Amino acid sequence: LKNLFTTKFSTEDELSALTGVPVVGHLHHNRTSDSLVVRNGNTSAAVELFRYVRNNVQFMLSGNGGKLVLVTSSVSGEGKSFVSLNLAAAFALLGKRVALVGMDVRSPKLAEMVSSLRSTPGITAFLSQQDTTIADITQHCSEVDGLDIFVGGAIPPNPSELLLSDRTEQLLSELRQAYDIVVVDSAPVAMVSDTFALSRFADVTLYVTRADYTRRSMVKYLNRVVADGQLVNVGAVINDTKPSREYSYGQGYGIGDD
């Protein structure tokens, strides 16, 4: 009866039952006020969960020799920018050079999430101004060694046209050459079409859902766009799950650990 009347899901198992897309992990509720939880020297359970997701994404990348991970979700509020930021940091912990690229230019969030970042210039400056270089918009993340962040920048009047321009291809091509891993924080696919314009550059697509927030109908939408080939090599992750006693014991953490 509960399954008949509920419109949302809560666990990784429930999500797996709704989709044929592989679920690459789950992430617990962030109980801190800090959006960047993956840092050098932090060994909390939250960091271990991001390492688990990172390892699964890395396995998906290794199959095609790729390095660009496109992160999206259905709607706003599911935590895709939070996941993008910490996934990029998790890759940097491996000693890799990582670029985190804020391509959700309609609603840029990365500059708000890391206090050391400035909000401009950003991606939109590079896409709209021929004399702007990648060096002009590169910001080094002081909290995580090896992580460079490219914020969205000023909100443009023509986001779709910018993302479809030749400058987008130039940007991602140069970042592929300069970095070991490129993580792209893109827009929610059920709200705007921007992410579909970027999917042709992706080697892996990470689709973020949120426990007790994402509607089951949105998972049906995910299934449809995957079947239609609009997103490639997709893995799903469920964000904001409740910590379980079984997880704590199974992963070697005692009750009360973060």
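Everything numeric here is computed off the predicted structure, so don't read it as measured data.
- Counting heavy atoms from C-beta outward, Arg216 and Thr7 have side chains that stay 4.5 Å or more apart.
- Residues Ala187 and Thr72 share a closest heavy-atom pair of O-OG1, 2.7 Å.
- Under the rule for a side chain to side chain contact (heavy atoms under 4.5 Å, CB included), the partners of Thr11 that lie at least two apart in sequence or sit in another chain are Asp13, Glu14.
- For Asn223 (side chain) and Leu18 (main-chain N/O), a donor-acceptor pair under 3.5 Å exists by modelled atom type.
- The hydrophobic cluster containing Val98 also contains Leu85, counting ILVMFWY residues as joined when their side-chain heavy atoms lie under 4.5 angstrom apart, directly or transitively.
- The environment of CG in Asp131 is crowded: more than 12 heavy-atom neighbours from other residues, nucleotides or ligands sit within 6.0 Å.
- For the pair Val23 and Thr209, the minimum side-chain heavy-atom distance is 4.5 Å or more.
- Taking both residues in full, the closest heavy atoms of Val24 and Met60 are given as CG1-SD, 3.9 Å, listed atom of the first, atom of the second, then distance.
- Checking side-chain atoms of Asp180 against main-chain N and O of Arg97 turns up a donor-acceptor pair under 3.5 Å.
- Paired with Ser199 under the rule side chain to side chain contact (heavy atoms under 4.5 Å, CB included), one option of Leu70, Val189, Asn233 passes, and it is Leu70.
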Begin from the C-alpha positions of Tyr213 and Val75 and carry the test side-chain contact (heavy atoms from CB on, under 4.5 Å) through to its verdict.
-> CA-CA 10 Å; Tyr213 184 93; Val75 296; 4.2 Å; yes
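- A distance of 4.0 Å separates CD of Glu174 from CD1 of Ile134, quoted to the nearest 0.5 Å.
- Hydrophobic clustering, with ILVMFWY side chains joined whenever heavy atoms are under 4.5 angstrom apart, groups Leu87 together with Leu61.
- With contacts defined as side-chain heavy-atom distances shorter than 4.5 Å, the pair Ile238/Leu27 does not qualify.
- Legend: salt bridge (charged side-chain N to carboxylate O under 4.0 Å, His left out) pairs involving residues 222-241, not counting sequence neighbours, sorted by first then second residue: Arg210-Asp240.
- Closest of all the heavy-atom pairs between Ala125 and Thr132 is O-OG1, 3.6 Å.
- A donor-acceptor pair under 3.5 Å links the side-chain atoms of Lys67 to the main chain of Arg176, judged by distance alone.
- Val71 is connected to Leu93 through a chain of hydrophobic side-chain contacts under 4.5 Å among Ile, Leu, Val, Met, Phe, Trp and Tyr, so both are in one cluster.
- Rounding to the nearest 0.5 Å gives a distance of 6.5 Å between OG1 of Thr168 and CG of Leu198.
- Expressed to the nearest 0.5 Å, how far CZ of Arg39 lies from CG of Asn86 amounts to 9.0 Å.
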I would like to know whether Tyr207 and Ser74 meet side-chain contact (heavy atoms from CB on, under 4.5 Å); could you show each step before the answer?
-> CA-CA 8 Å; Tyr207 199 97; Ser74 300; 2.5 Å; yes
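- Scanning for side chain to side chain contact (heavy atoms under 4.5 Å, CB included) contacts around Arg200 gives Glu169, with sequence neighbours left out.
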Can you give me every donor-acceptor pair (side chain of residues 141-159, partner residue at least two apart or in another chain, under 3.5 Å) with its distance?
residue: Glu143; atom: OE1; partner: Ser116; partner atom: OG; Å: 3.4
residue: Asp148; atom: OD1; partner: His140; partner atom: ND1; Å: 2.6
residue: Asp148; atom: OD2; partner: Tyr179; partner atom: OH; Å: 2.6

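- No side-chain donor-acceptor contact under 3.5 Å links Asp104 and Ser186.
- Side-chain atoms of Val183 and Val101, non-hydrogen and from C-beta on, never get closer than 4.5 Å to each other.
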Only pairs under 3.5 Å count here: list side-chain donor-acceptor contacts from residues 105-113, not counting sequence neighbours, and write none if there are none.
residue: Arg106; atom: NE; partner: Asp194; partner atom: OD2; Å: 2.6
residue: Arg106; atom: NH2; partner: Ser160; partner atom: OG; Å: 2.9
residue: Arg106; atom: NH2; partner: Asp194; partner atom: OD1; Å: 3.0
residue: Ser107; atom: OG; partner: Lys109; partner atom: NZ; Å: 2.5

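- Remark: side-chain polar atoms of Arg118 are paired, donor with acceptor, to backbone N or O of Thr120 under 3.5 angstrom.
- The hydrophobic clustering, which links ILVMFWY residues whose side-chain heavy atoms are closer than 4.5 Å, places Leu162 and Ile137 together.
- Judged as a side chain to side chain contact (heavy atoms under 4.5 Å, CB included), and not counting sequence neighbours, the contacts of Val226 are Val21, Leu222, Val234.
- In this structure, Asp136 contributes its side chain and Thr133 its backbone to a donor-acceptor pair below 3.5 Å.
- Shown here for Ala202 and Leu68, the closest heavy-atom pair between the two residues is CA-CD2, 3.7 Å.
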When you look at Thr32 and Asn30, which way does the side-chain hydrogen bond (donor to acceptor under 3.5 Å, both in side chains) test go after all the steps?
-> CA-CA 6 Å; Thr32 74; Asn30 181 21; 2.9 Å; yes
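- Taken together through direct or relayed side-chain contacts under 4.5 Å among Ile, Leu, Val, Met, Phe, Trp and Tyr, Phe126 and Leu100 form parts of separate hydrophobic clusters.
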His29 and Lys242: side-chain contact (heavy atoms from CB on, under 4.5 Å), yes or no, with the steps?
-> CA-CA 6 Å; His29 175 72; Lys242 296 178 181 178; over 6 Å; no
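- Here the side chains of His28 and Leu49 are in contact, with some heavy-atom distance below 4.5 Å.
- Taking each heavy atom of Phe9 and Thr214 in turn, the nearest pair found is CE2-O, 3.6 Å.
- In terms of heavy-atom proximity, Val38 sits nearest to Val47 at CA-CG2, 4.1 Å.
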Passes side-chain contact (heavy atoms from CB on, under 4.5 Å), Glu161 versus Leu164? Steps please.
-> CA-CA 5 Å; Glu161 288 73 19; Leu164 288 168; 5.9 Å; no
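- Between Phe196 and Leu231 there is a side-chain heavy-atom pair separated by less than 4.5 Å.
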